[in-house]
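Presented below is the structure to which this report refers.
In what follows, every chain begins at residue 1, and chains take the letters A, B, ... in the order their sequences are listed.
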Number of protein chains: 2
Amino acid sequence: MSMDFAPPKYAQVMTAIQQRIRDGEYAPGDMLPSETQLVREFGVGRTTVVRALQTLAMQGWIEREHGRGSFVKGRPESPAERVRPGLSTVEHAESAENIVSVARVPAPRHVATLMGVDERTPVIARHRVMRQGDRVSAAETLWFPLEIALGTDLDKPDPLRHGVRQHLQAVKHLRVDHVTERLTARKPTKEEADLLGSSSAVLGVMATVHDPAGTVLLVLSVALPGDLHELEDVYQVS
Amino acid sequence: MSMDFAPPKYAQVMTAIQQRIRDGEYAPGDMLPSETQLVREFGVGRTTVVRALQTLAMQGWIEREHGRGSFVKGRPESPAERVRPGLSTVEHAESAENIVSVARVPAPRHVATLMGVDERTPVIARHRVMRQGDRVSAAETLWFPLEIALGTDLDKPDPLRHGVRQHLQAVKHLRVDHVTERLTARKPTKEEADLLGSSSAVLGVMATVHDPAGTVLLVLSVALPGDLHELEDVYQVS
DNA sequence: CTTGCCCACTCGTCCGCACAAGTAACCGAG
DNA sequence: CTCGGTTACTTGTGCGGACGAGTGGGCAAG
């Protein structure tokens, strides 16, 4: 008995209609069959049809007008995928070659500001590099407040096999909720230049990583050599 | 007869719960009252409560777990606003001080590639600068295929009072639909350095602007001095 | 012709009910 | 003690029915 699960009926109705829109059977501007007709065609209750149509409307596939009908809008609306340097930094699994150093240091001014603590408060600084073949393709520093790092392996120079985010989740049940990222172009610092080799312009990313309550879990800084990295973004214009 | 409209009940339930989340009565992580309890409290049917809760879940206010309950997620959070250098470039109205030069030139290789035409095909190149007080804060070049510029003022050195996007829309009914943007850090070119004054690192933005059918309306390149610009982005983690 | 009403059709909302399925705590058999 | 079943909760899905309200066309009175 394989017991495969059929998706719920309202979802079946949704995907059927989406398919017809994609196929052009229902073209943009067309009126969809009325709820009553769809009830007959799919053999389900009106509750089910209405739920499917209202969900499609919320997702932007169709528009519903009281008293007139439902109309194809035809723009499924792509949610604008984008590369997230801050996110991939906390997702990436570590290996021994990644770790440059891990130390307890006084917080630099900009890090302290982002954490909302006093300058020179002790924090854990975790320096890492990413490699592409022979070249170092990124120099990263992650700063953790002491109370976050407490009880974790974040202050130890051993590689985290499943990435920082997983580690925080598994060890202290801390959930990463959102990331604030600021990006600029600058020259590499002396330390970064030593690691990166090339001394041209770098993309500088500063990010703060928050839990659902807004608490700062960590602050991170990434230097991406400009000759190796392009960040691509596609977006709809209103 | 003032005929005031009462909002639908499911919306009333929604706003009541949203208010309690904002007030902290329901704190992030808390379990909401069960559907049955809410039915009793608000004096409505379960259908109504479920619709309110499912809508709140879709909007990200709460999370619902089958068999366990509904839990406050506590993020009204807007859908990640971000600066779009490519978009603001085609939106911005021009004035006489913005225009550096407008000329018909053979397409550089990278521009030709993005347009999908042969290298050295003639195109219109429109060079502009943006100013912040005394400093030049951005050097922009917009390349237009000849057939796009034909019949417009894009190939004339006069300022466009309503921006490139409006002009294309008004004169040739061309609609900007989406933008593909690629961003990197680099050193300014000689021409850009002359315009920008400072010769440090710049954020280089290359963007292609498309109409709904995917046709390239223009290609643009922007150089933003790293010491003047930060691009900020906030995003939810799944 | 114009006006106003009626009617058929649309979607919007709401109810009560039913059953499925996931969760967690309790409790007794072993 | 551990294991497995029972039970009381939770949410997920689905139905049929009901009434309200907006829309647009037909139609008869004026």
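Comparing Tyr10(B) and Gly67(B) by the nucleotide of DNA chain C that holds the closest heavy atom to each, the one mapping nearer the 5' end is Tyr10(B). Of the residues near DNA chain D, Ala11(A) and Ser34(B), the one whose nearest nucleotide (by heavy atom distance) lies more toward the 5' end is Ser34(B).
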Interface polar pairs with nucleotides 4-8 of chain C, N/O, under 3.5 angstrom:
none

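Between the C1' atom of dC11(C) and the CG atom of Leu53(A) lies a distance of 10 Å, rounded to the nearest Å. Across the protein-nucleic acid pair, Arg64(A) atom CZ and dT10(C) atom P stand 12 Å apart, rounded to whole Å. Between the CG atom of Leu32(A) and the C1' atom of dC11(C) there is a distance of 12 Å, rounded to whole Å. Taking atom CD1 of Ile62(B) as the reference point, atom P of dT11(D) lies 9 Å away to the nearest angstrom. In this structure, the CG atom of Leu38(A) is 8 Å from the P atom of dC11(C), given to the nearest Å. Rounded to an integer number of Å, the gap from CE of Met31(A) to C1' of dT23(D) is 11 Å. Going from atom CD of Gln12(B) over to atom C1' of dT13(C) covers 12 Å, rounded to whole Å. Rounded to whole Å, the distance from CD on Gln54(B) to P on dT13(D) is 7 Å.
Among the nucleotides dC11(C), dA24(C), dG12(D), the one closest to the side chain of Glu35(B) is dG12(D). Which of dC14(C), dG12(D), dG20(D) sits closest to the side chain of His66(A) comes down to dG20(D).
Side-chain atoms of Asp155(A) and Arg104(A), non-hydrogen and from C-beta on, never get closer than 4.5 Å to each other.
A close approach under 4.0 Å does occur between a side-chain nitrogen or oxygen of Lys9(B) and OP1 or OP2 of dC15(C). Taking side-chain N and O atoms only, Arg68(B) has a distance below 4.0 Å to OP1 or OP2 of dA24(C).
For the atom pair CE (Met14(B)) and CD (Gln54(B)), the distance works out to 11.5 Å, reported to the nearest 0.5 Å. Summarising the geometry, atom OG1 belonging to Thr215(A) is positioned 9.0 Å from atom CG belonging to Leu174(A); distances are rounded to the nearest 0.5 Å. The structure places CD of Glu119(A) at 10.5 Å from NE2 of His110(A), a figure rounded to the nearest 0.5 Å. Note that CG of Leu87(B) is 8.5 Å distant from CD of Glu181(B), once rounded to the nearest 0.5 Å.
Using a 30° and 60° split on the angle between ring planes, Trp143(A) and His127(A) fall in the perpendicular class, above 60°.
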Canonical and wobble pairing (Watson-Crick, G-U, under 3.5 Å) of DNA chain D, dot-bracket with |: ||||||||||||||||||||||||||||||
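Looking at Thr47(B), Thr55(B), Thr48(B), Leu53(B) one by one, the single match for side-chain contact (heavy atoms from CB on, under 4.5 Å) with Arg51(B) turns out to be Thr55(B).
Taking every heavy atom of residues 41-51 of chain A and every atom of DNA chain D, pairs under 4.0 Å involve Val44(A), Gly45(A), Arg46(A), Thr47(A), Thr48(A), Arg51(A), by number.
At a threshold of 4.0 Å, the pair Glu94(B)-Arg128(B) counts as salt-bridged, since one of the basic side-chain nitrogens sits closer than that to a carboxylate oxygen.
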Glu140(A) vs His92(A), side-chain contact (heavy atoms from CB on, under 4.5 Å): CA-CA, chis, key distance, verdict: CA-CA 12 Å; Glu140(A) 308 169 341; His92(A) 195 274; over 6 Å; no
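In this view, Arg46(A) and Glu35(A) satisfy the side-chain hydrogen bond (donor to acceptor under 3.5 Å, both in side chains) rule, not counting sequence neighbours. With sequence neighbours left out, Thr15(A) forms a side-chain contact (heavy atoms from CB on, under 4.5 Å) with Gln18(A).
Residue pairs meeting the salt bridge (Lys or Arg N to Asp or Glu O under 4.0 Å) criterion with at least one partner in residues 13-25 of chain A, sequence neighbours excluded, are Arg20(A)-Glu41(A).
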